[in-house]
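In what follows, a single structure is set out as C-alpha cells and then discussed.
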Amino acid sequence: MNEYTLIQIAGILVAATACQWLAWRVKIPGIVFLLITGILAGPVLGFLNPEKMMGDLFFPFVSMSVALILFEGSLTLNFAQIRGLHIVVRNMVSYGMLVTWIITALAARLGLGLSWEISVLLGAITSVSGPTVIVPMLRTVRPNHNIANILRWEGIIVDPIGAAMAVLAYEFIISGSAQQAMSHTILVFVRLVAIGVTIGAICGYGFGMAIRKHWIPEFMHNLFAISVVLGAFVFSNHLQHESGLVTVTVMGIWLANMKDVPIGDILDFKEHISMLLISVLFIMLATRLNINELLALGWGMSFLFIAIQFLARPMNIMVSSIGSSLTWPERHMLAWIAPRGIVAAAISALFATQLEKAGYPDAAVLVPLTFFIIISTVLVQSVTARPIALWLKVAEPIPNGFIITGANPLARAIGKALMDLGFQVQLADTGWDQVMKAKNEGLPTYFGNPVSEHADRHIQLVGVRGVLALFPHEAANVAVAIHYRLEFGSDEIYILPSRPEEKRLTADRMSIQNHGKILFGKTASYPAMATELARGGQIITTKLTEKFTLEQFTQKHGHRAMLLFAVDKTNRLHVYAHDCQINPEPGWSLVYMLKNDEDNHVVKGEDKHIINPDRLKKGYNV
C-alpha cells in the first residue's frame, strides 16, 4: 500500500465525517453531501478511484458493508411498533413493490428506449428505499406515528426484497431461452428465500440464546455480532447468490423481538459502524458515476423521475392501503416519501459490471440512472416533505412536550405531574431499575444513554419542544444540554443544578448558562428537591381563579411552595427557571413542590393532583 493510497483512505474518512456533520447542522439527509463529495472526488476532479485503490476487494467490501447496515437497521424493528399497521407494510413490500417495479420498468423502456432486460432490472433495483435516507428525512419531516413507523419498516424490509428481485431479474436475463429462464428463475427464488430465512432464523435464535444464557461475555457481544453476521452472510451467499441480505435482515428482526435478550450495547456499537460504512460507501460508489453517460440520457431521465414520483409511488400506496385505518392525508404523505438509498447504489454497481461483461452494452446506464434517481428523490422529497406534511396536517403537533433525562424519583414525579396535565414526556436513563419503575408507573421511557446515536434514532421527538435535565450529576446534565442544544435551542434546555446558587462555582454556573437555563430558580438543586420529596414533599397542581389569585396562593403557602411550571389558558407550558418572567393569571394552572409540613398533612382548597413518590406504584393513576 503506497502513501497515496493512505492519503485517499484518510481523505474519505475525513470527508465522510464532514458530510455527516454538515447534514446534522442543516437537518437534511447526509446522502446529499456524500454524493456531491463522491462526484467531485471522482468523475469531476479525478482524485479517487476506489476500484483501482482496492482492486478485487472493492465489491466484496461493498457487499459486506451493506450486510452490516441492513442488520443494524433490522435490529430496530420491533413488532409492537407496527401493531395494527403490519398489513399495510406487508402490502407495500409485496404487490405494492411489484406495482412500483412494473411502472418503473415501463417508464425506462418508453422514456429512455432501454432494452426490456435492462428496464426490468432497473425497475427492480430502484424499487427499494432504505433506512440510510428514510431515518434522517423522518427527523426533519416529523410526521405522525403511523407514517413514521410504516416508512421505517418499509425502508428496512424492502431492501433485501428489492435485492432479491434484482437477482431474479438478473438470473432471468442471463439464462437464455424464455422457458429455461422462467424455470431457472423460479428455482433461484425458492432457494434464495428458503436459505435466507432458514439461516437467518437459526443464527438469530442461536445468538440470542447465547446472550440470554450468558455463554458469551458481555465485552465480546459486539465482536460476536459482527462475526456471526458476516459469517452468516457469506455462507448464505455461497449457497445462493444474494440470499445473504435476506439472512442478515431475518437475523436482526429475530433478535429484536426475542424476550430477555439485551441488544442495546450491540446496537449502539453497530450504529457507529453503520454510519461510517454508509458514509464511506456513498462516497466511493458516487466516484464511479459517469457524468457524460448521465447527460447523454437527456430529458428521458426527467420522464423516469416523474413516473416514479407521481405514478409508481402513489399507485403503490393506493393498492397497499386498501381497507386500512390510514386516513387519506396519511396515504397522501406516504405516497410522496420514498427516497432511494445505499442498496440501490450498491446493487446497480454490481450488476452493471457483470452485465457489461456478459455483452449487454446498455447496462452501462444502470449506475448513472440509479444515482440520478437517488439524488432526485432525496433532494425533492427532503425539501418538500415538511411543508406537505404541514399542509396535510399529518406533521407532529405544536411541540409542547419534554424529554426528561433521568428516571429517578424526582424525575418520575415531575414527569407524572406533566403527563397528568396532558403534556407529552419521555424519561431517559441508563439505569435499568429506574427505567422499570418509571415504566410500571405508566411513564413513557427510553433505556440507554440519551446522548447516543441509538437515542437519536429511538427517542420519540414528535411533539417535543425541549429537555429537562434531571440527572443527579451536573456533568451528565451539561452533556445532555450540549447534545440537544442544536435540536431545540438553548432556550428550551433546562438543567437542574447539583448545588444551590450560593454553593455553585462561577465556572459551573457559566457552564450551565452557556448551554441552557437553570431549572426552577437559583435556589433549586437536585439534592435538596430529591431530599424534600423523600421526606414527604408533594408535587401539586392547582388552578388560579378570580377568587384564588397568585397573591392568595403565595399568602397561603409562602416559602413552603416552589413553583415548577405554569400552564396558560392556551395550554402552553411555561417553565420556571432562573431570570424567567412568568405572570400567571386567573385561568392558569400552577405546578409546584409543596414542602412537607407535619402540621398540615392535607392540602385543601383549589389544590389537586397531589403526587407523592410513596403513592407512585404500578397501576396508580392520579
Side-chain angles (χ1 to χ4, degrees), residues 397-404 409-427 438 441-444 463-468 470 491-492 494 496 517 519-521 523-524 528-529 532-533 535-617 619-622:
I398 296 174
N400 214 4
F402 281 93
I403 297 169
I404 299 177
L410 177 61
R412 297 200 303 270
I414 290 174
K416 188 71 175 174
L418 293 179
M419 197 167 73
D420 286 339
L421 286 169
F423 295 105
Q424 175 184 326
V425 297
Q426 185 170 16
L427 277 63
E441 292 163 12
L443 292 163
V464 173
R465 66 178 248 207
V467 176
L468 305 179
L470 300 178
D491 286 344
E492 294 292 353
Y494 300 90
L496 183 62
K517 294 182 176 180
L519 193 57
F520 306 144
T523 61
M529 294 184 69
E532 192 59 51
L533 201 65
R535 292 175 54 191
Q538 302 166 340
I539 292 182
I540 304 169
T541 299
T542 190
K543 189 168 184 177
L544 299 180
T545 66
E546 296 291 346
K547 296 181 179 180
F548 187 70
T549 63
L550 180 63
E551 291 75 13
Q552 291 170 313
F553 170 87
T554 304
Q555 291 174 3
K556 178 178 181 180
H557 297 299
H559 69 278
R560 294 179 58 235
M562 175 187 288
L563 290 172
L564 308 180
F565 308 97
V567 183
D568 63 25
K569 296 177 182 179
T570 65
N571 204 39
R572 174 74 175 174
L573 184 68
H574 301 263
V575 182
Y576 278 91
H578 183 49
D579 293 333
C580 72
Q581 296 293 328
I582 303 176
N583 300 304
E585 302 173 354
W588 287 41
S589 294
L590 298 179
V591 180
Y592 60 99
M593 171 177 279
L594 188 66
K595 296 180 181 179
N596 182 36
D597 187 344
E598 294 182 355
D599 296 329
N600 185 10
H601 292 289
V602 181
V603 180
K604 299 179 180 180
E606 287 79 0
D607 297 340
K608 56 183 178 180
H609 297 316
I610 300 173
I611 300 177
N612 186 298
D614 295 332
R615 298 173 61 195
L616 289 174
K617 299 179 180 179
Y620 174 78
N621 293 312
V622 178

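- Closest of all the heavy-atom pairs between K543 and G587 is CE-O, 3.6 Å.
- Nearest heavy atom pair, residue M419 against residue P444, reads SD-CD, 3.7 Å.
- In this structure, P586 and K569 approach most closely via the heavy-atom pair O-CE, 2.9 Å.
- A salt bridge links R412 with E441: the closest approach of a Lys/Arg side-chain nitrogen to an acidic carboxylate oxygen falls below 4.0 angstrom.
- Minimum interatomic distance between L533 and A413 (heavy atoms only, all atoms of both residues): CD2-CB, 3.9 Å.
- Taking the side-chain hydrogen bond (donor to acceptor under 3.5 Å, both in side chains) definition, one finds that E551 meets it with T549, sequence neighbours left out.
- Separating the CG atom in D420 from the OG1 atom in T541 is a distance of 7.5 Å, to the nearest 0.5 Å.
- The side-chain hydrogen bond (donor to acceptor under 3.5 Å, both in side chains) test applied to N571 returns no partner, not counting sequence neighbours.
- Note that CZ of F402 and CG of L468 are 5.0 Å apart. Values are rounded to the nearest 0.5 Å.
- For the side chain to side chain contact (heavy atoms under 4.5 Å, CB included) with W588, the lone residue among L550, T542, I582, T545 that qualifies is I582.
- Remark: T554 OG1 to L563 CG distance equals 7.0 Å, nearest 0.5 Å.
- Scanning all heavy atoms of the two residues, the minimum distance from L496 to A524 falls at CD1-CB, 4.1 Å.
- Interatomic distance, CG of L590 versus NE2 of H557, reported as 9.5 Å (0.5 Å rounding).
- When all heavy atoms of L443 and K416 are compared, the pair lying nearest together is CD2-N, 3.7 Å.
- With a 4.5 Å cut-off on side-chain heavy atoms, L470 and L519 count as touching.
- In this structure, M593 CE and R560 CZ are separated by 12.5 Å, a value rounded to the nearest 0.5 Å.
- Checked against side-chain hydrogen bond (donor to acceptor under 3.5 Å, both in side chains), E492 has the following partners two or more places apart in sequence or in another chain: R465.
- Partner of S589 under the side chain to side chain contact (heavy atoms under 4.5 Å, CB included) criterion, chosen from L544, D568, V567: V567.
- Here the CD atom belonging to Q424 is positioned 12.5 Å from the CG atom belonging to L573, to the nearest 0.5 angstrom.
- Under the ring-ring contact (aromatic ring centres under 6.0 Å, His included) criterion, F520 pairs with F565, not counting sequence neighbours.
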Worked check of side-chain contact (heavy atoms from CB on, under 4.5 Å) between M562 and E532: CA-CA 11 Å; M562 175 187 288; E532 192 59 51; over 6 Å; no
